[in-house]
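Beneath this line is the structure, given in C-alpha cells, with notes to follow.
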There are 2 protein chains.
Amino acid sequence: MKRRNTDSKKAILELLESSKSALSHDMIQGIISRNIDRATIYRVLNRFCEDKIVRRIVGDDGKQYFAYCINCVEKKQKNNHFHFRCTQCGKVECLNEEVKVALPDGYEMHNFNGIVSGICSDCASLRSGE
Amino acid sequence: MKRRNTDSKKAILELLESSKSALSHDMIQGIISRNIDRATIYRVLNRFCEDKIVRRIVGDDGKQYFAYCINCVEKKQKNNHFHFRCTQCGKVECLNEEVKVALPDGYEMHNFNGIVSGICSDCASLRSGE
DNA sequence: ATTTTATTGCGACATTATCGCAATTAAGGA
DNA sequence: TCCTTAATTGCGATAATGTCGCAATAAAAT
C-alpha cells in the first residue's frame with residue numbers, strides 16, 4: 001500500500017520531529033493548528049509506526065505516546081531505553097541509557113516498553129518553591 | 001480506613017497468590033466462580049495496590065495486570081523487574097532479573113513499569129509444530 | 001442485638017482508541 | 001492538463017477499559 005503525502009501527515013510528522021518529548025494523540029490535537037479529525041490522527045500515527053518512522057510508547061497511564069526518537073528510529077538500531085513520564089506536567093521523554101533485557105530460552109521479544117513515572121526536575125523545583 | 005475481610009476480597013487474593021502470572025480484570029472475572037461485579041473487582045484490586053499487597057503492571061496493550069509478586073511485595077524490597085507479555089496466549093509473567101534505571105538529577109521515580117512483549121516459549125514451540 | 005461504616009451491585013459515565021462508509025484528494029498515466 | 005485509481009479523510013458509531021454515585025448489604029465492634 002503506497003503512502004501519500006498529505007497535509008495531515010506532514011503536519012503531524014513535523015510536530016513529532018520538532019518535539020523533544022513523546023506526544024499523545026490529545027497533545028497533538030491540542031498543538032496542531034489545522035483541524036484534523038481524531039481518527040485521522042490515530043491512523044496517521046499508526047501508519048508511522050508500521051513504517052517504523054515513529055515509536056509507540058504505552059505509558060503507565062495506559063495511554064499511547066508517539067515519539068520520533070532520532071536515536072532509535074533513524075539509526076535503525078535496537079536501542080531499547082526507558083521513557084520518563086512526569087505525572088505533574090505530562091511530559092514523556094527519553095532516558096537515553098540503553099537497557100538490555102535477558103529473556104529465558106525460547107522467548108521472542110517483539111516489543112520493548114519501559115516506562116518510569118514520577119516528577120521531572122522542572123516540576124520538582126517548581127514545587128519546592130525554587 | 002479499616003479494611004474488611006469479604007468473600008470477594010478473599011477469593012481474588014487467593015487467586016492472585018496461586019497464580020504464577022499477573023492477571024487482568026477480565027482474566028480474574030473469567031476464572032472466579034463466584035459472580036463478582038466488575039466494579040467490585042477493580043475496587044478490590046485498587047485497594048490491594050494501595051496496601052502494597054499487589055503490584056499493578058500496565059501492559060503495552062494498555063491494560064492493567066495485577067500480580068502478587070512474592071519477590072517484590074513480601075520482601076518489601078524495591079526489586080524493579082520486567083514483565084513479559086505473550087501476545088499469543090496473553091500470559092504476563094515476571095522476568096526475575098533486576099533492572100536499575102538511572103534518572104537525571106532532580107528526577108523522582110514513583111513508579112517503574114517495564115514490559116516486554118512477544119511470544120513465550122510455550123507458544124513458540126506450539127507454533128513450530130512442537 | 002444494635003450500631004457503624006466499609007463494601008457491594010447496579011447503572012451510568014468517562015476516556016481512549018478503532019471501524020465502516022461515503023466523500024476527498026494525491027499520484028501517476030494518457 | 002485531464003482522468004483514473006485508490007489511499008486518505010471526516011463523520012458518526014462502536015468497542016474496550018476503567019471509574020463513580022448511590023442505595024443496599026454486611027463485617028466488625030460495642
Side-chain angles (χ1 to χ4, degrees), chain A residues 1-16 22-51 53-67 83 85 87 90 92 111 113 115 117, chain B residues 1-16 22-51 53-67 83 85 87 90 92 111 113 115 117:
Chain A
M1 196 188 285
K2 274 172 198 158
R3 301 297 185 207
R4 287 182 185 176
N5 210 13
T6 67
D7 289 347
S8 304
K9 178 177 167 177
K10 276 183 276 184
I12 295 174
L13 189 56
E14 274 172 28
L15 178 54
L16 287 174
L23 301 176
S24 64
H25 152 264
D26 56 304
M27 290 170 173
I28 292 173
Q29 192 146 52
I31 297 169
I32 279 193
S33 49
R34 294 182 75 268
N35 217 36
I36 310 179
D37 185 73
R38 204 161 36 110
T40 300
I41 296 182
Y42 277 115
R43 281 186 283 222
V44 168
L45 290 169
N46 285 335
R47 261 174 256 146
F48 285 159
C49 290
E50 273 180 47
D51 298 346
I53 295 169
V54 159
R55 262 185 68 91
R56 182 199 318 268
I57 301 118
V58 178
D60 54 351
D61 55 354
K63 289 172 60 178
Q64 302 185 353
Y65 294 85
F66 300 87
H83 288 256
R85 182 175 69 88
T87 53
V92 174
N111 187 43
N113 198 77
I115 282 275
S117 64
Chain B
M1 197 188 285
K2 273 172 198 159
R3 301 296 186 206
R4 288 181 183 176
N5 209 13
T6 66
D7 289 347
S8 302
K9 179 178 168 176
K10 276 183 276 185
I12 295 174
L13 189 57
E14 274 173 29
L15 178 54
L16 287 175
L23 301 176
S24 65
H25 152 264
D26 56 303
M27 289 170 173
I28 293 173
Q29 192 147 55
I31 298 170
I32 279 192
S33 48
R34 295 182 75 267
N35 216 35
I36 310 180
D37 185 73
R38 203 162 40 105
T40 299
I41 296 182
Y42 277 114
R43 282 187 280 223
V44 168
L45 290 169
N46 285 335
R47 262 175 254 144
F48 285 160
C49 289
E50 273 179 46
D51 298 346
I53 296 169
V54 159
R55 260 186 69 91
R56 182 199 318 270
I57 301 117
V58 178
D60 55 350
D61 55 355
K63 289 172 61 178
Q64 303 184 352
Y65 294 86
F66 300 87
H83 287 257
R85 182 175 69 89
T87 53
V92 174
N111 186 45
N113 198 77
I115 282 276
S117 65

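Sequence lines set the chain letters: A, B, ... in the order given, protein chains first and strands last, and positions in each chain run from 1.
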Write down the distance between [atom1] ([X]) and [atom2] ([N]), rounded to a whole number of angstrom.
X        : N       : atom1 : atom2 : result
Asn46(B) : dC20(D) : CG    : P     : 9 Å
Lys2(B)  : dT4(C)  : NZ    : C1'   : 11 Å
Asp51(A) : dA7(D)  : CG    : C1'   : 13 Å
Asp37(A) : dC19(C) : CG    : C1'   : 12 Å
Asp61(A) : dT15(C) : CG    : P     : 14 Å
Lys9(B)  : dT7(C)  : NZ    : P     : 7 Å
Gln64(B) : dA16(D) : CD    : C1'   : 13 Å
Ile32(B) : dG9(C)  : CD1   : P     : 11 Å

Give one of base, sugar-phosphate or nothing for Ser8(B), where a contact means two heavy atoms less than 4.0 Å apart. sugar-phosphate
For the NZ atom of Lys9(A) and the CZ atom of Phe48(A), what is their distance to the nearest 0.5 Å? 6.0 Å
Spacing of Asp60(B) atom CG and Asn111(A) atom CG [to the nearest 0.5 Å]: 5.0 Å
Taking the nucleotide of DNA chain D with the closest heavy atom to each, which residue, Lys63(B) or Asn5(B), is nearer the 5' end? Lys63(B)
Let me know, please, whether Arg4(A) or His25(B) comes out on the 5' side of the other along DNA chain D by nearest nucleotide. Arg4(A)
Any luck finding a side-chain donor-acceptor pair between Asn113(A) and Arg56(A) under 3.5 Å? no
If you check the Tyr42(A) side chain, which of dT16(C), dC10(C), dT9(D) turns out closest? dT16(C)
[X] side chain N/O closer than 4.0 Å to the phosphate oxygens (OP1, OP2) of [N]?
X        : N       : answer
Arg47(A) : dT9(D)  : yes
Thr6(A)  : dA26(C) : no
Arg38(A) : dT16(C) : no
Arg43(A) : dT9(D)  : no

Looking only at heavy atoms, what is the nearest atom pair of Ala22(A) and Tyr65(A), with distance? CB-CB, 3.9 Å
Grab the two heavy atoms, one from Ala67(A) and one from Ile57(A), that are nearest each other, plus how far apart they are. CB-CD1, 3.9 Å
